[in-house]
Amino acid sequence: MTDVLALAEHRRGSLRDVSFEMISAGRELADAQGGDLHLAVIGGDVDSFADDLNREGVDAIHTVAEGEEFNHDVYVQAIEQLYAEVAPTALLIPNSVNGLDYAPAVAERLDVPLVTDAVGLDRNGALEVTREMYGSKVATTVEVDADEVVVTVRPAEWPQAEGEGSAEIQSFDADIDESQVRSTVTGFEEVGGGDVDISDADVLVSVGRGIEEEENIELVEALADALGATLSSSRPIVDSGWLPKNRQVGQSGKVVTPKVYIAVGISGAVQHVAGMKGSETIVAINTDPNAPIMDIADYAIVDDLFDVVPELIEEFGGEAP
Amino acid sequence: MKILVAVKEVAEAEDEFEIDGLDIDERYLEYDLNEWDDYAIEEAVQIAEAGDDVEVVSVTVGEERTEETIRMALAKGVDRAIRVWDDTLAGADSLDVSAKADILAAVVEAEDPDLVLTGVQANDDGYGATGVSVAEVVGYEWAAVVNELELDDDTAHVRRELEGGVEELTDVDLPAVLTIQTGINEPRYASLRGIRQAQSKPLDVQGLEDLGLDASVVESPVERTAMFEPESESDVVTFEGDAGEEAGQLAELLRDKGVVEG
Ligand SMILES: Cc1cc2nc3c(=O)[nH]c(=O)nc-3n(C[C@H](O)[C@H](O)[C@H](O)COP(=O)(O)OP(=O)(O)OC[C@H]3O[C@@H](n4cnc5c(N)ncnc54)[C@H](O)[C@@H]3O)c2cc1C
């Protein structure tokens with residue numbers, strides 16, 4: 001057998017985009033191996049999820065009606081049982097926060113090697129996974145010399161599958177041992193309301209760890225003021241308590257799509273880029289010409305922000321602090 | 001109560017670097033405590049400071065150089081440390097997720113902690129899988145990407161930071177492994193006094209045999225076969241000149257785009 005089994009992801013009643021990306025990644029690998037693509041969705045309104053997931057390229061969809069929301073103890077047991085039935089050679093899981101909460105446990109339980117955060121999949125005899133290292137400064141290929149593998153797939157790397165499919169939809173009865181369910185999700189909370197909504201702004205001046213000290217934030221704030229722009233930031237600035245959570249751009253922060261996004265001293269880590277790559281024009285100010293932000297920037301100043309930002313403030317008639 | 005914190009020394013690449021074979025040339029790497037682990041250490045030390053009779057133990061898998069990193073944990077308030085290393089580990093090309101999990105699991109089994117904290121991910125290889133793997137090997141409960149933690153006798157009440165500004169509230173039975181997200185606390189700097197005290201805290205080096213493991217633990221079907229600089233698809237326009245000239249060009253662009261006046 002050379003089949004691929006891929007997991008969909010949903011939250012609070014909706015499938016997440018990554019589910020449709022899993023179809024594209026899974027189809028690509030299934031084709032390379034000459035096998036079928038099976039998709040599984042666990043919990044929530046599985047029947048309506050299955051209808052949505054029935055897109056071109058999917059051969060079979062397995063619905064597991066267990067619980068409303070994600071619970072890793074249920075997922076691990078359900079996947080272990082479904083895996084035994086489908087007998088795939090590759091199990092693909094989203095490299096999402098929830099994916100990272102069950103994929104390693106599943107791999108250990110199945111005693112199958114795990115490779116996380118794949119940005120490319122290829123089969124050349126052995127499975128070759130492309131992933132990144134050192135904060136996306138380099139890429140690596142990792143070869144898996146085993147008959148089976150668990151791979152987590154980086155969100156937003158594969159396109160979302162479209163087109164109507166003709167998959168066979170089957171419900172799978174998992175036998176969940178409740179005594180092994182030792183975690184309980186008790187609720188959800190939205191964070192980061194507050195005074196400004198950075199997702200409304202036309203121009204964002206966004207500050208990252210390159211700013212070094214809390215008191216230097218003033219400098220970038222002065223630039224934002226001079227431009228009539230809104231100030232946002234990467235995560236470390238918020239982690240340090242230098243700006244409130246509602247200013248954070250990225251995977252765990254806000255998704256923004258301004259006309260102009262000026263990234264000041266931001267490296268462009270994948271979780272940051274997830275929140276701003278839809279900006280119309282991206283400008284990077286960074287001393288490192290190889291910083292990953294340069295791959296998505298339209299314009300760049302490769303220079304010290306402490307030299308450039310005061311000049312910019314002056315250009316726009318402001319006053320550097 | 002006993003808390004075990006797994007920490008890792010990570011390599012960071014300089015702005016300009018060269019690749020030598022399967023890794024960045026050693027000359028361009030700098031080593032430091034993994035950012036996420038710093039928050040895990042702080043969380044453990046804060047729990048110890050708030051409660052009576054809490055012991056915090058740190059463990060790392062690494063060569064002698066990594067003692068610098070683990071002394072850092074001791075200087076920040078960890079009580080004692082374990083470094084796992086021997087010739088077999090030194091001879092292994094790299095450790096895959098499962099090998100690391102097996103080694104750390106053996107330490108968990110020997111120490112029998114109530115709580116194990118790790119970082120969400122290591123900043124160099126970014127696997128993000130060690131904590132949950134360890135939990136599964138030792139049969140502990142777990143939670144990944146935790147940005148708030150409250151403990152009572154047999155439960156950890158945590159918040160897990162999901163995507164898009166949504167947090168999940170979850171109760172997890174103890175003993176448990178939690179992977180700690182940055183921002184959960186404010187990691188302290190090691191004080192001079194802390195650094196001095198760290199020198200006299202116990203740092204125990206253990207080999208695979210001490211942990212009841214043999215060389216088979218490092219055998220891995222997962223192997224790095226290439227490293228390369230990703231082909232840049234970027235068509236970035238770089239402004240040239242001194243800072244003033246660069247700023248002038250960017251200003252012109254922003255005026256052209258009509259996003260600023262004047
Ligand atoms: C589950 C998870 C969720 C996450 N969610 C988010 C998120 O929502 N948003 C987010 O941003 N991150 C998020 N992260 C963190 C992310 O991985 C990075 O750690 C973070 O984005 C790095 O921020 P930075 O670019 O400001 O800092 P760094 O990566 O440290 O980059 C600093 C940059 O500044 C440059 N620099 C330094 N000095 C100067 C100078 N004088 N002049 C000009 N440039 C200079 C450097 O060259 C470097 O490129 C998340 C991580 C995880 C694991």
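We name chains A, B, ... by the order of the sequence lines, and we start the count at 1 in each one.
Heavy atoms of B:Glu240 lying under 4.5 Å from chain A are absent altogether. Only the side chain of A:Val203 comes within contact range of chain B, with heavy atoms under 4.5 Å apart. In this structure, chain B has heavy atoms under 4.5 Å from both the backbone and the side chain of A:Ser96. With a 4.5 angstrom heavy-atom cutoff, A:Glu132 touches chain B only via backbone atoms. Both the backbone and the side chain of B:Ala11 come within contact range of chain A, judged by heavy atoms closer than 4.5 Å. Using a 4.5 Å cut-off between heavy atoms, B:Asn123 contacts chain A through its backbone alone, with no side-chain atom that close. Within the 4.5 angstrom heavy-atom criterion, only side-chain atoms of B:Val145, from C-beta onward, approach chain A. Of the atoms belonging to A:Pro310, not a single heavy atom falls under 4.5 Å from chain B. Heavy atoms closer than 4.5 Å to chain B are found in the side chain of A:Ile262, but not in its backbone. In this structure, the portion of B:Leu254 lying under 4.5 Å from any heavy atom of chain A is its side chain and not its backbone. Interface residue B:Ala226: backbone and side-chain heavy atoms are both found under 4.5 Å from chain A. Heavy atoms of B:Glu35 lying under 4.5 Å from chain A belong exclusively to its side chain. Contacts between B:Leu22 and chain A at a heavy-atom distance below 4.5 Å are absent for every atom of the residue. A:Val238 does not touch chain B: none of its heavy atoms, backbone or side chain, sits under 4.5 Å away. Proximity to chain B (any heavy atom under 4.5 Å) is shown, for A:Val185, by both the backbone and the side chain. Proximity to chain A (any heavy atom under 4.5 Å) is shown, for B:Asn147, by neither the backbone nor the side chain.
Heavy-atom neighbours of B:Asp256 CG from other residues, nucleotides or ligands within 6.0 Å: above the threshold of 12. For CD of A:Glu214, the number of neighbouring non-hydrogen atoms (other residues, nucleotides, ligands) closer than 6.0 Å is greater than 12. Annotation for B:Asp152: atom CG counts as buried by contact number, over 12 foreign heavy atoms lying within 6.0 Å. Around atom CD of B:Glu12, no more than 12 heavy atoms belonging to other residues, nucleotides or ligands sit under 6.0 Å away. Annotation for B:Asp25: atom CG counts as buried by contact number, over 12 foreign heavy atoms lying within 6.0 Å. Under a cut-off of 6.0 angstrom, the local environment of CD in A:Gln271 is crowded, with over 12 non-hydrogen atoms contributed by other residues, nucleotides or ligands. Remark: B:Glu245 CD is packed, more than 12 non-hydrogen atoms of other residues, nucleotides or ligands lying under 6.0 Å away.
Distance CD/B:Glu141 to CD/A:Gln180: 9.0 Å, rounded to 0.5 Å. Taken from CD1 in B:Ile184 to CG in A:Asp239, the straight-line distance is 10.5 Å, to the nearest 0.5 Å. Residue B:Glu167 holds its CD atom at 11.5 Å from CZ of A:Phe188, rounded to the nearest 0.5 Å. To the nearest 0.5 Å, the span separating CZ on B:Phe17 from CG on A:Asp288 amounts to 8.0 Å. Atom CG of A:Asn290 and atom CD of B:Glu229 lie 6.0 Å apart (nearest 0.5 Å). For the atom pair B:Thr238 OG1 and A:Asp303 CG, the distance stands at 11.5 Å (nearest 0.5 Å).
Of the residues considered (A:Val302, A:Asp73, A:Asp202), A:Asp73 shows the highest number of contacts with chain B, using heavy-atom pairs under 4.5 Å. Among A:Val308, A:Val283, A:Thr184, the residue with the largest count of heavy-atom pairs under 4.5 Å with chain B is A:Thr184. Ranked by non-hydrogen atom pairs under 4.5 Å with chain B, the options A:Lys259, A:Gln251, A:Arg235 are led by A:Arg235. Among B:Ala135, B:Gly244, B:Gly241, the residue with the largest count of heavy-atom pairs under 4.5 Å with chain A is B:Gly244. Counting heavy-atom pairs closer than 4.5 Å to chain B, the top residue among A:Val260, A:Val129, A:Thr186 is A:Thr186. Of the residues considered (A:Glu128, A:Arg131, A:Gln248), A:Arg131 shows the highest number of contacts with chain B, using heavy-atom pairs under 4.5 Å. The choice from A:Val106, A:Leu127, A:Val144, A:Val191 that makes the most heavy-atom pairs within less than 4.5 Å of chain B is A:Val191.
Contact detail for A:Glu315 and B:Gly248: the closest heavy-atom pair is OE2-CA, 3.4 Å. Residue B:Pro230 comes nearest to A:Lys137 through the heavy atom pair CD-O, 3.5 Å, listed as atom of the first residue, atom of the second, then distance. Taking both residues in full, the closest heavy atoms of A:Val142 and B:Thr225 are given as N-OG1, 4.3 Å, listed atom of the first, atom of the second, then distance. Between B:Ala247 and A:Glu311, the shortest heavy-atom distance links the atoms CB-CB, 3.5 Å. Nearest heavy-atom pair, B:Tyr127 versus A:Leu114, reported as atom, atom and distance to 0.1 Å: CE2-O, 4.1 Å. Nearest approach of A:Leu100 to B:Gly128, heavy atoms of both residues: CD2-O, 3.6 Å.
A donor-acceptor contact shorter than 3.5 Å is absent between the side chain of A:Asp145 and the backbone of B:Pro221. Within the 3.5 Å criterion, the main-chain N or O of B:Ala144 finds a donor-acceptor partner in the side chain of A:Asp101.
A salt bridge links B:Arg159 to A:Glu189: at least one charged side-chain nitrogen sits closer than 4.0 Å to a carboxylate oxygen. Remark: A:Arg16 engages B:Glu163 in a salt bridge, criterion side-chain N to carboxylate O under 4.0 Å. A salt bridge is absent between A:Glu69 and B:Arg160: the closest approach of a Lys/Arg side-chain nitrogen to an acidic carboxylate oxygen does not fall below 4.0 angstrom.
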Report the C-alpha distance between B:Glu168 and A:Asn98 in whole Å, list the side-chain angles of each, state the deciding distance to 0.1 Å, and finish with yes or no for side-chain contact (heavy atoms from CB on, under 4.5 Å). CA-CA 10 Å; B:Glu168 179 199 278; A:Asn98 279 346; 4.2 Å; yes
Tell me, with the steps shown, if A:Arg12 and B:Val166 meet side-chain contact (heavy atoms from CB on, under 4.5 Å). CA-CA 11 Å; A:Arg12 300 163 99 187; B:Val166 177; 3.8 Å; yes
Should B:Met227 and A:Met133 be marked as a side-chain contact (heavy atoms from CB on, under 4.5 Å) after you check the CA-CA gap, both sets of side-chain angles, and the distance that decides it? CA-CA 9 Å; B:Met227 179 179 282; A:Met133 268 186 75; 4.0 Å; yes
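Side-chain contact between A:Tyr134 and B:Asp23 is present, with at least one heavy-atom pair separated by less than 4.5 Å. Here the side chains of B:Arg255 and A:Phe316 are in contact, with some heavy-atom distance below 4.5 Å.
Of the candidates B:Thr170, B:Thr155, B:Asp171, A:Ser183 forms a side-chain contact (heavy atoms from CB on, under 4.5 Å) with just one, namely B:Thr170.
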